[in-house]
Amino acid sequence: MANFAKPGGPRFSVDVYQNEYLPEGGREVNAIVTVTARGGAAPTDPGTSAAVVLMVDCSGSMDHPPTKMRNARDATAAAVDTLRDGTHFGIVDGTHVAREVYPGGGRLAVAGPTTRAQAKQALRRLGAGGGTAIGTWLRLADRLLAGADVSIRHGILLTDGRNEHESAAELKDTLDACAGRFTCDARGVGTDWEVKEVTGIASALLGTADIVADPARLTEDFTRVMESTMGKEVADVALRVWTPVGTRIKFVRQVAPSVEELTDRRTEAGPRAGDYPTGSWGEESRDYHLCVEVPAAGLGQEMLAARVSLVAAQPDREVQNLGAQGLVRAVWTDDMAASTSLNAQVAHYTGQAELAQAIREGLDFRKAGDMDGATAKLGRAVQLAGVSGNADTAKLLAKVVDVVDAPTGTVRLKAKVAEADEMTLDTRSTKTVRVKK
């Protein structure tokens, strides 16, 4: 384990969990890399500068029922109250166009008693009407955030409908343009929005996604999200993975607190090194699964398969080495007990990744009318959730299937499933639990 304290920020550490032993001819090395940040600045410390833009869906559907728009206004006001003094912030009204609600003029306000009161007064004028073009909201947020001289840039996006007034390609172009410039949490309220759109936004912008099926719970959710945002202290942290000649990285994925593929997001960082983005960090811990293919070697030989370190690299700023480092090794042995033993961390997270995939595939089969396929996949998901101790996911699955026997994955699809229950399972399918110590 290696650790490093960023001046005024959290101390990062890296731990590597693996079975380094391979049989003769073995080439695949798996490791779980745990990154932990501890001991950051106090929440009131102004040394960490942040900017937040809240994007509120104000399309016509937000008026059905009328309480939904009121809940959205109240939730946004609560989020404004949660802002730390000195935080730059703005509010965007999103329909088929994007409009600055507060402060206006292409700039952000600085949080304090006066600006909070002004922002909440401006929120009272929000009303519903128009269409939905989420890409325009994100582009406006990007312009506003880019104008702030801060280290943490974050967006919070709320929608209740589908992105019907721009194409999927247009939204993807926007996400590609915004990726790496700010992080964004996305929330779907009610049940008329598209899960893959909301989760896709959060995934591309390294934020969280969730459903708020009951609009009355928006205030609770927005407050929690803003508290998390205010706890971020280091932006644009990346896993830097170096591998020796002859090796190939098969994949890099975050596996806790949720499953997130990072493999295709690599940016080159020098000879045989690449950076994988992880977003902004406060005081927290996350797990990553690294899989490396190494050259075949003879019995008794050993090699360094990969070196994992942490860097912070904001756009247009010098890359900062955060110092924490972990080593992934490979040792070839004829000891069958050693080479066939599966590391508990690797086994656990391999199952968690399969669980997320089984849920997604099962729900897709169900929507397509393939009930046999849905039963098989969701049954496997029930089995995996039980083995891994993922009680929250098991409860969500039980609202979609009748569990006959969890250990064998024997289930029956429910004849009627509430739309909110299905969407909640879909949205939260990638959430994982840590391995039991």
Side-chain angles (χ1 to χ4, degrees), residues 49-59 76 79 87-101 106-108 131-159 161-188 193-210 225-226 228-229 232 234-238 254 258 260-267 275-281 312-317 319:
S49 54
V52 184
V53 172
L54 295 121
M55 293 160 273
V56 184
D57 190 338
C58 293
S59 61
T76 307
T87 302
H88 298 245
F89 76 102
I91 302 170
V92 168
D93 167 338
T95 59
H96 53 284
V97 294
R99 181 177 66 89
E100 295 176 55
V101 175
R107 60 190 175 86
L108 297 177
T132 306
I134 295 174
T136 65
W137 316 353
L138 291 166
R139 286 189 182 274
L140 176 54
D142 183 35
R143 291 195 296 273
L144 294 171
L145 291 166
D149 184 17
V150 296
S151 58
I152 305 291
R153 294 179 175 85
H154 195 82
I156 298 175
L157 185 149
L158 172 71
T159 185
R162 293 171 174 81
N163 196 41
E164 295 175 338
H165 287 79
E166 67 181 356
S167 68
E170 288 173 317
L171 178 58
K172 184 182 184 303
D173 287 345
T174 296
L175 293 173
D176 289 343
C178 294
R181 294 173 60 81
F182 67 96
T183 54
C184 185
D185 294 315
R187 293 294 184 268
W193 48 280
E194 181 62 46
V195 171
K196 286 182 172 58
E197 282 180 354
V198 170
T199 56
I201 291 166
S203 176
L205 301 182
L206 298 173
T208 64
D210 207 350
V225 171
M226 188 61 80
S228 175
T229 301
K232 302 300 183 184
V234 184
D236 303 298
V237 175
Q254 177 182 287
S258 62
E260 191 66 60
E261 286 293 343
L262 301 177
T263 311
D264 294 337
R265 303 188 191 188
R266 175 187 173 108
T267 56
D275 288 351
Y276 299 86
T278 68
S280 301
W281 284 70
Q314 286 189 283
D316 305 321
R317 298 192 184 184
V319 174

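Residue numbers run from 1 in the order of the sequence given.
- For the pair Leu171 and Leu138, the minimum side-chain heavy-atom distance is below 4.5 Å.
- Within the 4.5 Å cutoff, no side-chain heavy atoms of Gln254 are placed close to those of Thr278.
- Crowding of Asp264 atom CG: a count of heavy atoms from other residues, nucleotides or ligands under 6.0 Å not exceeding 12.
- Judged by distance alone, with hydrogens and angles left aside, the side-chain atoms of Arg153 form a donor-acceptor pair with the main-chain N or O of Ala148 at under 3.5 Å.
- The heavy-atom pair separating Thr95 from Cys58 by the smallest distance is CG2-O, 3.4 Å.
- Contact check for Thr76 versus Met226: no side-chain heavy atoms found under the 4.5 Å cut-off.
- Looking at every heavy atom in both residues, Ala179 comes nearest to Ala204 through CB-O, 3.9 Å.
- The backbone N or O of Gly135 sits nowhere less than 3.5 Å from a side-chain atom of Glu170 that would complete a donor-acceptor pair.
- Note that CZ of Arg181 is 11.0 Å distant from CG of Asp236, once rounded to the nearest 0.5 Å.
- Atoms CG and CD, on Leu206 and Glu260 in that order, are 7.0 Å from each other to the nearest 0.5 Å.
- Residues Leu144 and Glu100 are in side-chain contact: their nearest non-hydrogen atoms beyond the backbone lie under 4.5 Å apart.
- When all heavy atoms of Ile156 and Val225 are compared, the closest pair comes out as CD1-CG1, 3.6 Å.
- Between the side chain of Asp185 and the backbone N or O of Thr208, at least one donor-acceptor pair lies under 3.5 Å.
- Going from atom CZ of Phe182 over to atom CG of Asp142 covers 5.5 Å, rounded to the nearest 0.5 Å.
- The shortest non-hydrogen separation linking Trp193 to Val198 is CE3-CG2, 3.4 Å.
- A side-chain N or O of His154 and one of Thr183 form a donor-acceptor pair less than 3.5 Å apart.
- In terms of modelled atom types and a separation under 3.5 Å, the side chain of His96 and the main chain of Ala133 share no donor-acceptor contact.
- Considering every non-hydrogen atom in both Ala98 and Val92, the closest pair reads CB-CG1, 4.1 Å.
- Annotation: side chain of Met55 is in contact with side chain of Cys184 (closest heavy-atom distance under 4.5 Å).
- In this structure a side-chain-to-backbone donor-acceptor pair under 3.5 Å is missing from Ser203 to Thr199.
- When atom types are taken as modelled, the side chain of Asn163 and the backbone of Ile134 share a donor-acceptor pair closer than 3.5 angstrom.
- At least one side-chain heavy atom of Thr132 sits under 4.5 Å from a side-chain heavy atom of Trp137.
- With a 4.5 Å cut-off on side-chain heavy atoms, Cys178 and Leu205 count as touching.
- Atom CG of Leu175 is separated from atom CZ of Arg139 by 9.0 Å, given to the nearest 0.5 angstrom.
- Taking all atoms of both residues into account, the shortest heavy-atom contact from Ala50 to Thr87 is O-CG2, 3.4 Å.
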